[in-house]
Protein chains: 2
Amino acid sequence: MTAPRSTRSSRNRRAEHTADTRRALVRAARTLFAERGYTATGTEDIVAAAQVTRGALYHHFKDKADLFRAVMGECAQDMAERLVEQETARAESESGDAWTLLRHGFQSFLDACNDPDFQRIVLVEGPAVLGHSAWDALVEEHGYVLLAEELARAIDEGSISPMPIGPLTRMLAALISEASLYIARAEDHETARKEAGEVLERLLTGLSRTGA
Amino acid sequence: MTAPRSTRSSRNRRAEHTADTRRALVRAARTLFAERGYTATGTEDIVAAAQVTRGALYHHFKDKADLFRAVMGECAQDMAERLVEQETARAESESGDAWTLLRHGFQSFLDACNDPDFQRIVLVEGPAVLGHSAWDALVEEHGYVLLAEELARAIDEGSISPMPIGPLTRMLAALISEASLYIARAEDHETARKEAGEVLERLLTGLSRTGA
DNA sequence: CCTGTTCCATACAGACTGTATGTTAGAAGA
DNA sequence: TCTTCTAACATACAGTCTGTATGGAACAGG
């Protein structure tokens with residue numbers, strides 16, 4: 001079951017090394033894709049930043065789009081983790097009713113989306129680079145599940161009226177995404193954040209069962 | 001003031017011919033961009049479909065992205081015209097209150113967005129190809145104005161509560177865009193249309209001043 | 001010690017974009 | 001009418017980028 005110490009250590013070192021180069025590639029690609037976009041970033045730029053050669057890139061990834069998929073997956077993963085973290089923290093501290101909890105959740109979701117990497121890579125480049133089916137699969141895997149189950153719970157608890165979860169999830173995510181992009185590109189982020197939050201609040205009241 | 005007949009006719013023929021080649025390029029590019037996307041479509045493919053050479057393309061347009069801008073402008077223009085048409089028709093036939101008129105307007109907006117060219121070129125490829133500022137300028141010019149002034153009117157008339165127009169317009173447009181994409185990619189378009197419409201209705205009720 | 005595999009570097013071929021140059025048809029003036 | 005000039009293309013070329021094929025070095029296993 002256990003290999004000799006030296007062998008295992010060596011194995012680990014080797015495996016760790018290859019994992020390192022892979023991480024370096026993803027990290028470099030993430031920075032460059034977020035800065036200049038997908039097509040404006042050459043594979044040569046990426047491997048230069050990662051301090052490897054193109055051979056390493058095409059050893060670890062099928063092609064450039066495959067590398068992008070890994071990068072976008074990482075972005076989505078980071079976002080999902082951040083959201084879970086925030087949500088648990090909120091669930092502990094606040095103890096309002098389910099409805100206000102949900103509303104506050106959306107507001108902090110909006111704040112979390114205010115991240116340049118996420119916006120550029122996941123929201124802007126993603127759909128065009130991967131095509132809608134692959135993009136959707138990635139988002140389904142990482143991001144939507146959270147939102148969807150939270151909405152399902154809200155419906156079960158009766159805080160919002162029964163509605164088809166699928167389109168509701170997609171449309172709310174798009175709503176918040178667009179709001180975050182609006183805030184990011186506004187000259188005055190402060191007021192933009194306030195206004196977008198207000199509009200979001202108003203729209204969400206339409207979902208409430210009580211109507212308030 | 002008026003040039004000689006022969007000269008003018010000749011001029012017109014010539015001008016018309018050059019306009020023809022330009023239109024042919026835009027038309028061919030529009031079809032191919034909508035089918036295969038921007039990067040997957042080579043300039044050679046475009047000029048072959050338009051039955052000209054690459055020289056003509058680079059005579060009329062600065063580069064490939066410039067051609068795309070023209071294509072997307074045409075798509076947005078078509079959409080805007082369709083919306084105006086529908087709206088005037090609805091204003092004549094129906095004569096409900098401003099609130100129901102607005103709601104119906106959004107539903108038909110949703111139906112109008114169900115167009116493959118529009119979805120792929122304007123909603124998916126546009127932001128990635130042109131970058132967000134140029135994309136926003138185009139949409140601002142063609143599409144948002146309509147929606148924005150209709151919303152402003154609704155606020156003036158008191159059918160929806162006062163709200164910042166800027167983010168409201170963007171977010172509602174994004175909402176409808178996402179809904180149209182959701183419908184387009186669903187297996188069962190019928191039920192998807194119904195469900196998305198229902199969610200849209202619920203969200204819109206949040207805007208209503210009366211809350212109904 | 002020998003062999004096979006993993007991991008990566010280098011070299012190469014194909015495609016694509018943009019530009020520079022050539023060419024033709026029509027407009028304009030004398 | 002003749003010349004000239006310019007718009008509207010066509011063609012040829014150069015640079016860049018992606019993906020692949022080849023080669024080698026390190027390491028694990030027998």
Side-chain angles (χ1 to χ4, degrees), chain A residues 1-29 32-33 36-71 125 128-130, chain B residues 2-26 28-29 32-33 36-71 125 128-130:
Chain A
M1 192 170 184
T2 59
R5 167 94 65 90
S6 66
T7 299
R8 198 225 278 220
S9 163
S10 183
R11 237 217 265 265
N12 283 355
R13 256 213 315 270
R14 183 164 174 76
E16 204 168 322
H17 180 248
T18 73
D20 262 354
T21 62
R22 197 193 138 96
R23 267 194 302 269
L25 282 167
V26 173
R27 184 191 199 103
L32 291 172
F33 284 158
R36 311 178 200 170
Y38 179 77
T39 47
T41 303
T43 54
E44 202 71 52
D45 304 335
I46 298 172
V47 298
Q51 290 180 324
V52 293
T53 64
R54 284 166 28 84
L57 196 161
Y58 282 92
H59 175 73
H60 284 280
F61 302 96
K62 177 178 164 290
D63 53 13
K64 194 184 166 190
D66 190 36
L67 171 58
F68 178 86
R69 195 174 302 122
V71 170
E125 305 274 343
V129 173
L130 298 181
Chain B
T2 58
R5 167 92 68 86
S6 66
T7 299
R8 195 223 279 214
S9 163
S10 183
R11 238 218 267 266
N12 283 355
R13 255 212 314 270
R14 184 164 174 75
E16 204 168 319
H17 180 246
T18 73
D20 262 354
T21 63
R22 198 193 137 97
R23 266 195 302 269
L25 282 167
V26 173
L32 291 171
F33 285 157
R36 311 178 201 171
Y38 179 76
T39 45
T41 303
T43 54
E44 203 70 52
D45 303 334
I46 299 172
V47 298
Q51 291 180 326
V52 294
T53 63
R54 285 168 28 85
L57 196 161
Y58 282 92
H59 176 72
H60 284 281
F61 301 96
K62 178 179 164 291
D63 52 14
K64 196 183 165 189
D66 190 35
L67 171 59
F68 179 85
R69 196 173 302 122
V71 170
E125 304 274 343
V129 174
L130 298 181

Query raised in the report: Given atom CG of Leu57(A) and atom P of dT10(C), what is their separation to the nearest angstrom?
Result: 15 Å

**Report entry** Residues in ring pair (Phe, Tyr, Trp, His ring centres under 6.0 Å) contact with Tyr58(A), at least two apart in sequence or another chain
**Finding:** none

Report task. Please state whether the phosphate of dC7(C), meaning OP1 or OP2, lies under 4.0 angstrom from any side-chain nitrogen or oxygen of His59(A). Result -> yes

**Report entry** For the student: nearest non-hydrogen atoms of Ile46(A) and Leu25(A), plus distance
**Finding:** CG2-O, 4.0 Å

Query raised in the report: Rounded to whole angstrom units, what separation is found between the NZ atom of Lys62(A) and the C1' atom of dT18(D)?
Result: 12 Å

Query raised in the report: Which word best sums up how the rings of Tyr38(B) and Phe33(B) line up, parallel for under 30°, tilted for 30 to 60°, or perpendicular for over 60°?
Result: tilted

Query raised in the report: With respect to the side chain of Asp63(A), which nucleotide from dC9(D), dT17(C), dG19(D) is positioned closest?
Result: dG19(D)

Requested in this report: Kindly state which residues belonging to residues 40-56 of chain B come within less than 4.0 angstrom of DNA chain C, counting heavy atoms of the residue only, listed by number.
Outcome: Thr41(B), Gly42(B), Thr43(B), Arg54(B)

Query raised in the report: Should His60(B) be listed as having a side-chain N or O under 4.0 Å from OP1 or OP2 of dC9(D)?
Result: yes

Report task. Could you pull out the closest heavy-atom pair between Val71(A) and Ala29(A), with the gap in Å? Result -> CG2-CB, 3.8 Å

Query raised in the report: What is the distance from CG of Asp66(A) to P of dT20(D), rounded to the nearest Å?
Result: 12 Å

**Report entry** side-chain contact (heavy atoms from CB on, under 4.5 Å) evaluation trace for Val52(B) with Val47(B)
**Finding:** CA-CA 5 Å; Val52(B) 294; Val47(B) 298; 4.1 Å; yes

Requested in this report: Using atom NZ of Lys64(A) as one end and atom C1' of dC17(D) as the other, report the distance to the nearest whole Å.
Outcome: 8 Å

Report task. Return the value, rounded to whole Å, for the distance between atom NE2 of His17(A) and atom P of dA25(D). Result -> 16 Å

Query raised in the report: Just by distance, with hydrogens left out, do Thr41(B) and Arg36(B) show a side-chain donor and acceptor under 3.5 Å apart?
Result: no

Query raised in the report: Does OP1 or OP2 of dC8(C) have a side-chain N or O of Thr21(A) closer than 4.0 Å?
Result: yes

Requested in this report: Calculate the interatomic distance between Tyr58(B) atom OH and dA10(D) atom C1'; express it in whole Å.
Outcome: 15 Å

Report task. Please name the residue in the list His60(A), Arg27(A), His17(A), His59(A) that meets the side-chain contact (heavy atoms from CB on, under 4.5 Å) test with Arg22(A). Result -> His60(A)

Query raised in the report: Roughly how many Å is it from CG in Asp20(B) to P in dA8(D), rounded to a whole number?
Result: 13 Å

Query raised in the report: Could you state the CZ-P distance from Arg23(B) to dC9(D), rounded to the nearest angstrom?
Result: 12 Å

